[in-house]
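The structure displayed is predicted, hence computed values, not measured ones.
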Amino acid sequence: MRMHRSIVGAAVAVLIVGACQGASSPAASPSSSAAASASAGGSPAGSAGTAVLRVARLADAYNFFHPVEFQTGNQFQWYNCIFDTLVKVQDDSKTLTDDLAKTWDVSPDASVYTFHLASGVKWQDGQPFTADDLIYTATWGAQNYDAYKGFLPVWNQLKGAAGVLHTSKPLPGLKKIDDSTVEMTLEAPNSLFLVQLTDAANVIVPQHLLKDVTAANVEKVDFTLGKPGATIGTGPYKLTAFTPDQSLELTANPDYFKGAPKIPKIIFKIFADPSLAVAQLESGDLDLAFRVPPSEFDRLSALPNLNVLSAANPGIVRIVFRTEEAPWSDKRVRQAFYYAINRQGIVDQYYKGRAKVLINPPGFKEYDDLNKYAFNVDKAKQLLSDAGYSGQTFKLMYDQTFPDAAQVMPLIQADLQNAGIKVELVPLDTATYGKNYGSRQGWDGFIAVGGSEALTPNKSEQYFPKDGKHESGYTNPRIYELWAAARSTPDAAKQDESYHELAKILNEDVPQVNLYSPNLVMVSTKRLDGGFKVHLNERETFMNVETWTLQ
Amino acid sequence: MGAYIVRRILISIPVLLGITIIGFIALRAAPGDPLLATANPDVLANLAQHPEILEAERHALGFDQPIFPNQYVAWLGHVLQGDLGYSITSHRPISSEIGSRILSTLFLMVTAMTLAVVIGIPIGVITAVRQYSRVDYGLNALAIFLASTPVFVLGLIAIYVFAVNLHWLPTSDQHTAGKSDFPDALYHLVLPASVLAIVNAAPLVRYTRASMLDVLSSEYVTTARSKGLGSRVVILRHALRNGLIPIITLVALLIPELVAGAVITEQIFNWNGMGQLAVHAADSRDPSLMMGIILIVGTAVLFANIVADIGYAVADPRVRYVRPR
């Protein structure tokens, strides 16, 4: 017992001594932090000397590096730093530039593409890049096409791709002419093939590291999980550190075939909360941020060292109907939704003009002869009564993590109720939203967001799959003919004819109400220069990252 | 004493099993599809067109089996062999997911809690001894103010003042981008650890003060004083020892937080710890990851209870466990 007493006595003594230190620590801490700030040398200027570019894209990130797991714009930007594609696009997201393919030839009917590969290209582990890597990437992609869990590559368009699925057979549409020339023959002509190739789903991956990888184990190999030394590309930056959900460190690849990048290091930060990123932009701890909350626009614009850009974006917020079920199966009811919602009002009042009302799916022109469905409550009521709508509740499901959902959804509900449509809002967490989306349970309509990558109408085709149904349940054989017709011709005017007719059909049938497209706010330090420019499709911004400079 | 500890540990085992069973069933019963939960809304349309992929994956993960007992027993079997499984969202082993986060959390929480105890208890003693003095009023008012301020408010104010305006400290993160040395880690620790220490110290001040006041007015303290003992001896040797007994519970119950992390504080300071991991796991319906966290935190809670019981026995000879006959 004596021992216990002495232990307690000692503990008390420690506490008291500690208390003295604790009491004095408030006095001590300012001086120690003053020392810290002195060593940081006024952190914004001090960190400039180290030439690290600190980047954040404030949207969901997904922690994988193999294209089968490519789902997010963050990955798009990482992949563009680490890997290369055959061709890239400039900041207009249309004009092509060379990448692994130095030049290319296209047959007049847009069905045979011949790529002449750049010479002297090396993988970041020193192995030479050859035509075999391209053959491997395309063949593996076609053989395992259903392993791709997010955005899809183009390899299934090659001739005979369907026949090699789940086999180890060579891909008939792929021919190696010599070590630096590869010919691709498509199943059907596609004039947009080159532009589609620039998507990060089509990055070329190393055969020497991945040849034994199968669809079953691709998710768990080091290459996919992001390990320095295992995740190897041909791109301007090497992966040198990766902490899932926190940060990604990239170091310049001195042997990059287009010349060593000028910024020695890039760090992508992943934030749990966008407001942290805003604080770091203010304090100078972050140099470049994509998709900053629009509400921060004015505050950040006032800072002298930042460029703040509010850019129009094709990504759209839309209401998708359950068109197979009455009364939503009647297109007049769906049209009534258009008339009932004051979309311009939401854009003007909530978004203060930093959004745009759009009548078409992402990427389409706003043709003059389309019905713009200007806000008109009487017309909405008229259509509802014509269709015999008798007050059924419209269960409107949405993911409450969608930007601005909490503020905008009640406005939409109020507008619809005002026109006599009974609306029940069903806010859900992402997991339940995903489940109900898949099972088609618990909603009569839902809010979908997306399509920000769609600068041309063809990118919206993925939302109208031919083999399945549109997420609304809407089908119409004519629209599939039109998508295919647009793809089959290189003539822009003819493509536009098809898209125009498509737009008219969708405008009349209204499988989904296209509400508006919020601007994206991008913030960059004024020290960032060289070839840096935010691309129209912001996720493509890193396509020429090797030309950027940081003062 | 040894037998007592062994007994307490043995009792804890079925309790821990109970915790995991309830956790397991509750997690599986929660709405939502873990396989679709992490999908980007842009690609939902693609995924929904291929239900067969999801079906195959569900089968591979055993999600098509009955939850209890089949799935649970399979999980428990793996855990007993030291295998917590893989996270379905990150595809990494759960032991390494938790391993990397728990160190971050321990670094933050041990610092913060130690500071809280070292600041809170002595101030509580001082305010009790100097009851109704200016020091008492001042410190007490401060403690009440801090105890009732939500931690996120304090955190955001601290970030705004010390990081954004004064540039003394970093706004968030555990390291300066591109650095990983220890001084840099300490530099990033200052703000979150201080905020956490302050909010946890405030209630300790209040409880210690109340408990000490109780003891100081008791008869044996009066007796000690009247024996002519110096007030220092009376307070430190006689009063403090009894006054601290209730505080042992409070401090012991802080132990689980050392591994569970501070959800809100970690979020505010972008601290990649257990709290953020738990939020992420719950949000993405990652069942095995969530179970790993429940197992670790559940163990910590039971451990803390045992520590509290032992603490009582050591501090107060009257609370001596008697073996039932």
Side-chain angles (χ1 to χ4, degrees), chain A residues 1 4 8 12 15-16 18-19 21-22 29 33-34 36-37 42-43 50 52 54 60 62-63 71-72 146 149-152 219-220 225 243-247 249 265 267 269 271-273 276 279-280 282-283 285 399 429-432 434-435 437-438 448-451 462-463 465 467-468 471, chain B residues 31-34 36-51 53-54 86 90-92 100 115 117-119 121-123 159-160 162-164 166-173 176-178 187 190 194 236-237 240-241 267-270 272 276 280 283-285 314-315 317:
Chain A
M1 206 50 244
H4 287 322
V8 173
V12 169
L15 285 179
I16 300 296
Q21 286 171 344
S29 73
S33 48
S37 81
S43 70
T50 58
V52 180
R54 297 152 305 176
D60 52 350
Y62 197 55
N63 299 317
Q71 297 204 351
T72 64
D146 53 8
K149 287 218 194 101
F151 295 111
L152 300 171
E219 286 180 353
K220 293 200 173 102
L225 295 177
T243 316
D245 298 322
Q246 191 160 32
S247 68
E249 182 192 279
K265 222 167 227 185
I267 290 181
K269 295 184 178 187
F271 287 91
D273 180 350
L276 288 180
Q280 294 204 356
E282 281 188 69
S283 68
D285 292 321
D399 180 338
D429 64 300
T430 309
T432 316
K435 181 174 188 199
Y437 176 98
V449 297
Q462 61 178 318
Y463 299 111
D467 48 351
E471 49 197 4
Chain B
D33 185 333
L36 284 174
T38 46
N40 179 358
D42 276 358
V43 302
L44 267 181
N46 292 344
L47 273 178
Q49 283 162 49
H50 298 289
I53 302 180
L54 294 173
Y86 280 80
S90 75
H91 306 170
R92 288 172 172 78
S100 66
L115 279 176
V117 169
V118 162
I119 297 170
I121 293 179
I123 292 184
I159 291 175
Y160 193 72
F162 295 105
V164 175
L166 296 173
H167 289 292
W168 287 354
L169 293 164
T171 50
S172 46
D173 297 343
T176 306
Y187 177 49
V190 175
S194 309
L236 291 187
R237 185 170 294 171
L240 185 60
R241 179 155 172 185
Q267 197 93 358
I268 292 175
F269 290 97
N270 218 27
N272 210 22
Q276 286 221 45
H280 171 73
D283 203 34
S284 56
R285 299 289 190 282
V314 171

Asker: Taking side chain as everything from C-beta outward and backbone as N, CA, C, O, which of these in Phe162(B) sits under 4.5 Å from a heavy atom of chain A? Side chain, backbone, both or neither.
Answerer: neither
Asker: Name all residues meeting the side-chain contact (heavy atoms from CB on, under 4.5 Å) criterion together with Asp429(A); count only those two or more places apart in sequence or in a different chain, and write none if there are none.
Answerer: Gln400(A), Ala431(A), Thr432(A), Arg285(B)
Asker: Closest heavy-atom contact between Ser283(A) and Val164(B)?
Answerer: CB-CA, 4.3 Å
Asker: Mind listing the closest non-hydrogen atom pair of Lys149(A) and His91(B) along with its distance?
Answerer: NZ-CE1, 4.5 Å
Asker: What distance separates Tyr160(B) OH from Glu282(A) CD, expressed to the nearest 0.5 Å?
Answerer: 6.5 Å
Asker: Given the rule in the side chain to side chain contact (heavy atoms under 4.5 Å, CB included) test, do Asp173(B) and Gln280(A) qualify, once you have shown the distances and angles that lead to the verdict?
Answerer: CA-CA 10 Å; Asp173(B) 297 343; Gln280(A) 294 204 356; 3.3 Å; yes
Asker: How long is the straight-line distance from OG of Ser172(B) back to NZ of Lys269(A), given to the nearest 0.5 Å?
Answerer: 6.5 Å
Asker: What part of Ala448(A) lies closer than 4.5 angstrom to a heavy atom of chain B: side chain, backbone, both or neither?
Answerer: neither
Asker: Check whether any side-chain N or O of Arg92(B) sits under 3.5 Å from a backbone N or O of Leu225(A) as a donor-acceptor pair, and report yes or no.
Answerer: yes
Asker: Quick one: what part of Gln276(B) sits under 4.5 Å from any heavy atom of chain A, side chain, backbone, both or neither?
Answerer: side chain
Asker: Do Leu276(A) and Thr171(B) come close enough that some side-chain heavy atom pair is under 4.5 Å?
Answerer: no
Asker: Run the side-chain contact (heavy atoms from CB on, under 4.5 Å) test against Ser194(B) and tell me which residues pass, sequence neighbours left out.
Answerer: Val190(B)
Asker: Is it the backbone or the side chain of Glu249(A) that comes under 4.5 Å from a heavy atom of chain B, or both, or neither?
Answerer: side chain
Asker: Indicate whether any N or O donor in one side chain lies under 3.5 Å from an N or O acceptor in the other, for Gln267(B) and Asp273(A).
Answerer: no
Asker: For chain A, which candidate among Ile159(B), Ile268(B), Asn270(B) shows the most heavy-atom pairs at distances under 4.5 Å?
Answerer: Asn270(B)
